[in-house]
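Counting starts at 1 for both ligands and their atoms, following the listed order. We count residues from 1, following the sequence as given.
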Amino acid sequence: MTKKAQVLGVGIIGGGFIARFHIKSWVGVRDADILGVFDPDAKRAREACALAKSLNVGEARPYGSITDMAADPRIGALWICAPNYTRGAVMEEISHAVIKGKAELVGVACEKPLGRNVREAKKMLALARKAGLLDGYLENQVFSPAVVRGKEIVWARGAALSGPPYLARAAEEHSGPHMPWFWEGTLQGGGVLNDMMCHSVEEARFMLTPPGAPRDVLTPVSVTAYTNCLKWQEPKYAAILAKRSGGKTDYLKRPSEDFARSLVEFKDRSGKIVVVETTTSWCYV
Ligand SMILES: NC(=O)c1ccc[n+]([C@@H]2O[C@H](COP(=O)([O-])OP(=O)(O)OC[C@H]3O[C@@H](n4cnc5c(N)ncnc54)[C@H](O)[C@@H]3O)[C@@H](O)[C@H]2O)c1
């Protein structure tokens, strides 16, 4: 067995906020090391590499491009942790490097959301498949110990007495993103719906999926949703965003929704309807 097959070498694309969480969490991951980081901001790349080394999760080094990192035989998989507006270009470069024989990779995993819209998300998947790569989606909430244990208890105890659950509610709120790009609908893909509801819908769906059953036992059949900008387009809050971003973020002219709720109906394999209800907001004060 080659060294590459024994320990998966992972290269991280985008060494920002979420990359630091991946690196810190790697202390609980076996048989894979973080061996590289590419970020156009070289300082960010160096800092992320230093963090990985300090935690002993891999001899990470910065690379000058995605293609350079992918081409290094130490690297077997890439983690996409760059901003949403770069998804297409990043995946094009990975796919191109593999198809042209510059890189030999096992797979690619992408942070949420997969794209700014359904068209981009489908393109991401198509590019990964075209290059023959295994693909992963980095949704984290369904692995949270409280959610995993909560599901076990609901199904082992509650469902044993009163039947399988038919309604799951998920709510998530914070006071809004930490970077100016994240507030721009064109760059992020929208507001809180795209940013946080991808977690809530998946988590509630997970709770309703019988333990051990494949994810596709539940098929979405209808979606209703509501969005609004309740807080951040108010002049006093818009002024805070403008100040924090050096004038870049203008929620008086370009607001995105800071509140969203949805109701998603799923059909199980027997035809029974189960419902997911979510509420997400950037309005926490
Ligand atoms: N799972 C979660 O709970 C969670 C939480 C936060 C962010 N995220 C996701 O992680 C992704 C990144 O968000 P973030 O908060 O870390 O953003 P961030 O702005 O803190 O970090 C992004 C990094 O990517 C770099 N970058 C910019 N263009 C790039 C490119 N073309 N190629 C490579 N790197 C590039 C930036 O220099 C920056 O260092 C987003 O898609 C976001 O939705 C997920």
Side-chain angles (χ1 to χ4, degrees), residues 10-26 34 36-52 60 62-70 75 78-97 108-117 120-121 123-124 127 136-147 170-203 206 244-246 248-249 256 260 278 280-282 284:
V10 171
I12 293 185
I13 298 170
F17 179 73
I18 198 64
R20 289 195 290 278
F21 284 97
H22 282 286
I23 294 168
K24 287 178 183 168
S25 307
W26 220 269
I34 297 174
V37 177
F38 164 69
D39 194 307
D41 180 336
K43 185 166 170 278
R44 281 276 179 97
R46 283 196 305 274
E47 284 170 358
C49 290
L51 179 63
Y63 289 83
S65 72
I66 293 173
T67 303
D68 282 353
M69 185 159 74
I75 302 291
L78 297 174
W79 257 223
I80 302 177
C81 299
N84 305 6
Y85 61 89
T86 67
R87 289 279 190 274
V90 164
M91 196 58 223
E92 291 269 10
E93 186 171 343
I94 297 169
S95 180
H96 188 262
V108 61
C110 184
E111 257 301 336
K112 52 68 43 177
L114 200 50
R116 286 174 294 181
N117 49 50
E120 276 190 358
K123 188 178 161 198
M124 295 291 287
L127 285 168
Y137 178 60
L138 297 168
E139 168 55 50
N140 50 315
Q141 292 193 1
V142 297
F143 299 102
S144 146
V147 172
E172 196 180 354
E173 180 173 54
H174 59 52
S175 56
H178 64 107
M179 293 294 278
W181 70 262
F182 233 126
W183 290 90
E184 296 291 341
T186 51
L187 300 179
Q188 192 264 112
V192 73
L193 189 150
N194 203 42
D195 178 34
M196 281 158 71
M197 199 179 281
C198 53
H199 289 300
S200 298
V201 168
E202 194 55 32
E203 184 186 342
F206 170 74
R244 273 191 211 154
S245 62
K248 279 190 199 157
T249 311
S256 293
T278 71
T280 52
S281 129
W282 283 346
Y284 182 80

Practice prompt. May I ask you to decide if G191's main-chain N or O and Q188's side chain share a donor-acceptor pair within less than 3.5 Å?
Written response: yes
Discussion item. Students should be able to answer this: which protein heavy-atom is nearest to atom 5 (C) of ligand 1, and at what distance?
Written reply: I18 CD1, 3.4 Å
Worksheet item: Can you tell which of I66, V90, N84 gets a heavy atom nearest to atom 40 (C) of ligand 1?
Response: N84
Worksheet item: So which of F17, F38, Y85 gets nearest to atom 20 (O) of ligand 1, if we judge by its closest heavy atom?
Response: F17
Worksheet item: Any side-chain donor paired with an acceptor under 3.5 Å for W282 and D195?
Response: yes
Worksheet item: At the 4.0 Å heavy-atom cut-off, does H178 count as touching ligand 1?
Response: yes
Practice prompt. State if R87 counts as touching ligand 1 under the rule of any non-hydrogen atom under 4.0 Å.
Written response: yes
Item to complete: Between E47, E111, Q141, flag the one that comes closest to atom 8 (N) of ligand 1 by a heavy atom.
Response: E111
Worksheet item: Considering only protein heavy atoms, which is closest to atom 17 (O) of ligand 1, and at what distance to one decimal place?
Response: W181 CZ2, 3.5 Å
Fill in: Short side-chain donor-acceptor distance under 3.5 Å, E93 and T67
yes
Worksheet item: Quick one: which ligand 1 atoms are inside 4.0 Å of a heavy atom on M179?
Response: 19 (O)
Fill in: ligand 1 contact by H199, heavy-atom criterion under 4.0 angstrom
yes
Practice prompt. Would you mind checking which non-hydrogen protein atom is closest to atom 12 (C) of ligand 1, with the distance to 0.1 Å?
Written response: C81 O, 3.3 Å
Fill in: Option whose closest heavy atom lies nearest to atom 36 (C) of ligand 1, chosen from N194, D39, D41
D39
Response to the item:
the protein heavy atom lying closest to atom 35 (C) of ligand 1 turns out to be P40 CD, 3.3 Å
Worksheet item: Given A82, P177, P83, which one has a non-hydrogen atom that is nearest to atom 27 (C) of ligand 1?
Response: P83
